Asks: 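A single structure is presented below for examination.
By convention here, the first residue in the shown sequence is residue 1. Since the model is a prediction, treat every value here as computed from it, not as a measurement. Only this structure's heavy atoms are used, side chains among them; waters, hydrogens and symmetry mates stay out. Note that ligands are numbered from 1 as they come in the structure, with each ligand's atoms numbered from 1 the same way.
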Amino acid sequence: MEITGSIRYIGVNDHDIDLFEGQYTVPNGMSYNSYVILDERTAVMDTVDARFGEQWLKNLEAALDGKKPDYLVVHHMEPDHSSNIAVFAKRYPEAKIAASAKAFAMMKQFFGTDFADRQVVLVEGSELELGEHTLRFIAAPMVHWPEVMMSYDAKDRTLFSADAFGKFGALDADEDWACEARRYYFGIVGKYGAQVQAVLKKATSLDIGRICPLHGPILSEDIGRYIGLYTTWSGYEPEDEGVFIAYTSVYGNTAGAARLLAEKLEARGVRVSCADLARSDMAEAVEDAFRYNRLVLATTTYNADIFPFMREFLSSLTERGYRSRTVGIIENGSWAPMAARIIKKTLEGSKDIAFTDTVVTIRSALDAESEAQLEALAAELTR
Ligand code: FEO
C-alpha cells in the first residue's frame, strides 16, 4: 500500500488474536504496522508480531521490488513489533539495525545477540540520511517502554509515532477512531501521562502532515484533533462532561440503585454512562472513568472489603494516575456497610479527587432514607 511516493505500508492485520498483550479483548482484531521508505538507501520501519513473519516478509519483498534494505529502524522492542528482527537480520545480512542503546540491550535479551557489528545507535536528535529523506529521532521513553524512539521525516512531513496514536482494531475494521484509541491509550499508556506530554511538547516544533503509528490507521487529516485528544488524555483532563456510574451487585439491589441514579441524572439532562463491572470490559470501564468528569462507584461490602470487580477497577484507576474528578459513592451492606470508607482510603493517594458530600448507604435494599440520599446525590452531581 502506497502512503506517499516513497513510503509504503507493509504491516498485517490480526483477526486471530484473543487477548492483546494477554489482557485486552479486541473484537475487531489488531494491526501491526510496518513501513518502508524507498530512497537512495532503503529503511524498513519495525517488524510485526511473531505469527505474521512470513506475510510481513512477503509484503516487504513486494515493496522492495528487488532492492535490498539498508536499514531496519526499530522504534519499539515490544514483541508485537520486534519479533521478526532476528528473521530480518538473517534474511538481509548486509542491512544495519538502527535503534536506541536500550533497544539493543533488549535485543540481546530476546534474541541472544545485540547485532554488535550492525548497530546504528540512536539518541535524541540522531539523523539517518536516506537520500531525499532524513529521519530525525525523538526519544519517547515510557511511550510505551523505556527504549522507545519516534522518528520524523521532514520531506513527507511524517511522524513515525511508535505506539502513540495507535488503536485497537485491524485496519479493515470499520469503527470510530476515538473510541478504540481511547481504550487503547488508557489501557496501555495511561500511567505515563507526563512522558506523553513531554513528547507532545517536542512534537509542537514539527510540521506534521501525517502520523504513522504502529497500530491502527495512518492519520493524515485533522492532525490537530488527534494531538488535542492526546493532550487531554495525557493531561488527565476529562474529555466530556458527564457521569460514569460503575457498579457491582450481588443480588441486584445495588444495580437497581445505580440504574435509578442514572434515571435521575438523565432526567436532569446529565449525560450518563453506566457499567456493571462484573459483566463489562474492564478496559472500557477504565476508559469511561477517564473520559467523564464525574464518577459514581456503587458496590457492596464483601469479606470486610469491597466486591472483587470494584477492587480491580479501583486498582486499574489508581495505577494509571486517576485524578482531578468528582467522585460519588453508593455503598450497600446487609450488616456492616464499609465500602465507602474503603473506597475513600483506596483513592486517598489520588490527586484532586473531590468526594461528594452525599454518600448513599443502602442496607440490603433501597428504602425511603436511601432513596432520599440518592436524590441528594443526583442533585449534587448536577450542579
Ligand atoms: Fe504495540 Fe508497546 O507495543
Asks: Looking only at non-hydrogen atoms, find the nearest pair between H144 and E21 and report the distance.
Replies: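 So the minimum-distance heavy-atom pair works out to CE1-OE2, 3.6 Å.
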
Asks: Would you list the protein N, O or S atoms within less than 2.8 Å of atom 1 (Fe) of ligand 1, leaving out water?
Replies: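 Protein N, O or S atoms closer than 2.8 Å to atom 1 (Fe) of ligand 1: D80 OD2, H81 NE2, D163 OD1, H215 NE2.
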
Asks: What residue among T356, V296, L297 forms side-chain contact (heavy atoms from CB on, under 4.5 Å) with V327?
Replies: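 Exactly one pass, corresponding to L297.
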
Asks: Applying side-chain contact (heavy atoms from CB on, under 4.5 Å), name anything that partners T134, two or more places apart in sequence or on another chain.
Replies: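 T134 satisfies side-chain contact (heavy atoms from CB on, under 4.5 Å) with E127, E129 only.
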
Asks: Which residues pass the side-chain hydrogen bond (donor to acceptor under 3.5 Å, both in side chains) test with K90, not counting sequence neighbours?
Replies: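 By the side-chain hydrogen bond (donor to acceptor under 3.5 Å, both in side chains) rule, K90 matches no residue at all.
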
Asks: Only counting residues at least two apart or in another chain, list the ones meeting ring pair (Phe, Tyr, Trp, His ring centres under 6.0 Å) with Y192.
Replies: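 With neighbours one apart ignored, the set is empty.
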
Asks: Between E331 and R341, is the closest basic N to carboxylate O distance under 4.0 Å?
Replies: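 Result for this pair is no, no salt bridge flagged.
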
